[in-house]
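Excluded from the calculations below are hydrogen atoms, water molecules and symmetry mates; all remaining heavy atoms, backbone and side chain alike, are included.
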Amino acid sequence: MASMSSVRLHPGTFVEKLHALVGTTSTFDDLPAAFKEKIDAIEGINFIFDADGAYIDEVNNWLLRQAIKTVSADTRNTTSASLKSTIRWFEDNQLNWRVCTELAHINLMHLHFRGRGQERRKAQIAKSTWNLRIGYWHRFLRFGEKEGYIDEVGFELDEVREKGRSERLIRALLPHEYRELHRSATTQRFKAGINVMVGTGMRSRENAGLTVADVPPLAEYHDASYRPRMIEGKGAKIREILWPRTAAKSVWAYHRGERSLALDELRKRIVGGKRAPNGPVLIATQEAGRWIFKERADAPLWLSEEGEPLSIKRWGKEFTSAQRGAGTTISPHWLRHTFAIVLLTNLIKQQFRVELAMAKLGTARQREYFRDPLDEVRLRLGHSSIETTMIYLRHIAQHRQLLNDAVSDLETEFMCA
């Protein structure tokens, strides 16, 4: 059976794309009234089609309601991906989710996704992923029950959630591993990009969305090792990040080098009629037969060789290429882990040093160890809860070089020969 597709549609183009997938017999009038009323106010919604390419009214009505209430595009993508994987499983097993609403169908899903008893070795996803998927699915079924799409759900969410928490993979790079990745990069853009991510703790998507105005000018640094800047992160939340001088320096080197060449290429394409005069990077006008180019104030920082904004997918391809050169496997998110673990470790070490100095001076005071460093790292990473940041505390010992430094400090300050 053919697998189902999930397509991201945008206002102004959704009717044409819907026709291409479902057929010209579907019209705008066939779509739900709520959908027609709200589509112009939503930047992008994910829609799900069944194996035959048919628009699934029940599922998409719920996805639409979630999209209207949700600010984050990442959350919308996660919601639709969870429902897609679940409905695909029903299709692959020739089951109809509309009638399989008793606990039995959840048991079948549990066996497929997680495994039971002797079948545990066949588990395909982690506990956290299972709980996320079943949570979205249960909310959708409750909606379907209320709207009359199904008779009853027949189970409670607590009955099917996996208890406990899967251990998250936290991987920090050692200095020589990062240097090898940096050496394997073939572009200024990639070298500067990974310097930014490991130096600031940004997510890949946040890094990909940077503008030139987000980068502190080198003149701002003076004797400071970092400069603060505000960025918009996951869920449209604003937070302060700290730009190390080295990261900013590598970005401005890219700005003068490869990015300048990309802008030249874009200007040639505009003059040659291959690109519209006004785009996301340049505004071009003709005055007295001459082209006048002005870079937009919100122009993206990272550009392709043709002068177009660099996509998040292109960043992924560059990571893959650099990994081959380094002869290793490195996830872009590991750069964020590296930032978190190194910063947290050194903040804790510094806190101990201050406490020891104050004790020698007779001015020691009671402090809540780890809370200040954890909260500092939480703010830099953009975590809502400090519980999320505490995950890194459990993984500090895995970073061997930092562990060696910590043991050395312990011997120096506390232990007697």
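Applying the side chain to side chain donor-acceptor pair (under 3.5 Å) test to residues at least two apart or on different chains, the pairs with a partner in residues 303-312 are Arg189-Glu305, Arg269-Glu308, Arg275-Glu308, Ser304-Glu306, Glu305-Arg314.
By the side chain to side chain contact (heavy atoms under 4.5 Å, CB included) test, Ala253 pairs with Gln188, Arg256, sequence neighbours left out. Here Asp264 pairs with Arg267 under the side-chain hydrogen bond (donor to acceptor under 3.5 Å, both in side chains) rule; sequence neighbours left out. Judged as a ring-ring contact (aromatic ring centres under 6.0 Å, His included), and not counting sequence neighbours, Phe339 has no contacts. Legend: residues meeting side chain to side chain contact (heavy atoms under 4.5 Å, CB included) with Phe140, ordered by chain and number and at least two apart, are Glu58, Val59, Trp62, Leu83, Trp97, Trp137, Phe143. Every residue two or more places apart in sequence or in another chain that forms a side-chain hydrogen bond (donor to acceptor under 3.5 Å, both in side chains) with Glu177 is listed here: Arg171. The salt bridge (Lys or Arg N to Asp or Glu O under 4.0 Å) check on Glu180 picks up Arg183, with sequence neighbours excluded. For Arg179, there are no salt bridge (Lys or Arg N to Asp or Glu O under 4.0 Å) partners two or more places apart in sequence or in a different chain. Tyr178 is linked by a ring-ring contact (aromatic ring centres under 6.0 Å, His included) to nothing, counting only residues two or more places apart in sequence or in another chain. Evaluation of the ring-ring contact (aromatic ring centres under 6.0 Å, His included) rule for Trp252 yields His255 as partners, not counting sequence neighbours. Under the rule for a ring-ring contact (aromatic ring centres under 6.0 Å, His included), Tyr136 has no partner lying at least two apart in sequence or in another chain.
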With a 3.5 Å cut-off and sequence neighbours excluded, list the donor-acceptor pairs that the side chains of residues 289-299 form with protein atoms.
| from | atom 1 | to | atom 2 | distance (Å) |
| --- | --- | --- | --- | --- |
| Glu295 | OE2 | Arg259 | NH1 | 2.9 |
| Glu295 | OE2 | Arg259 | NH2 | 2.6 |
| Arg296 | NE | Asp298 | OD1 | 3.2 |

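Here the two rings, on Tyr254 and Trp302, have centers that are under 6.0 Å apart.
Residue Tyr221 qualifies as enclosed at atom OH: its count of foreign heavy atoms under 6.0 Å is above 12.
Looking only at atom types and distance, the side chain of Thr211 has a donor-acceptor partner in the side chain of Asp214 under 3.5 Å away.
Shortest non-hydrogen contact noted between Leu266 and Gly307 is CD2-O, 3.5 Å.
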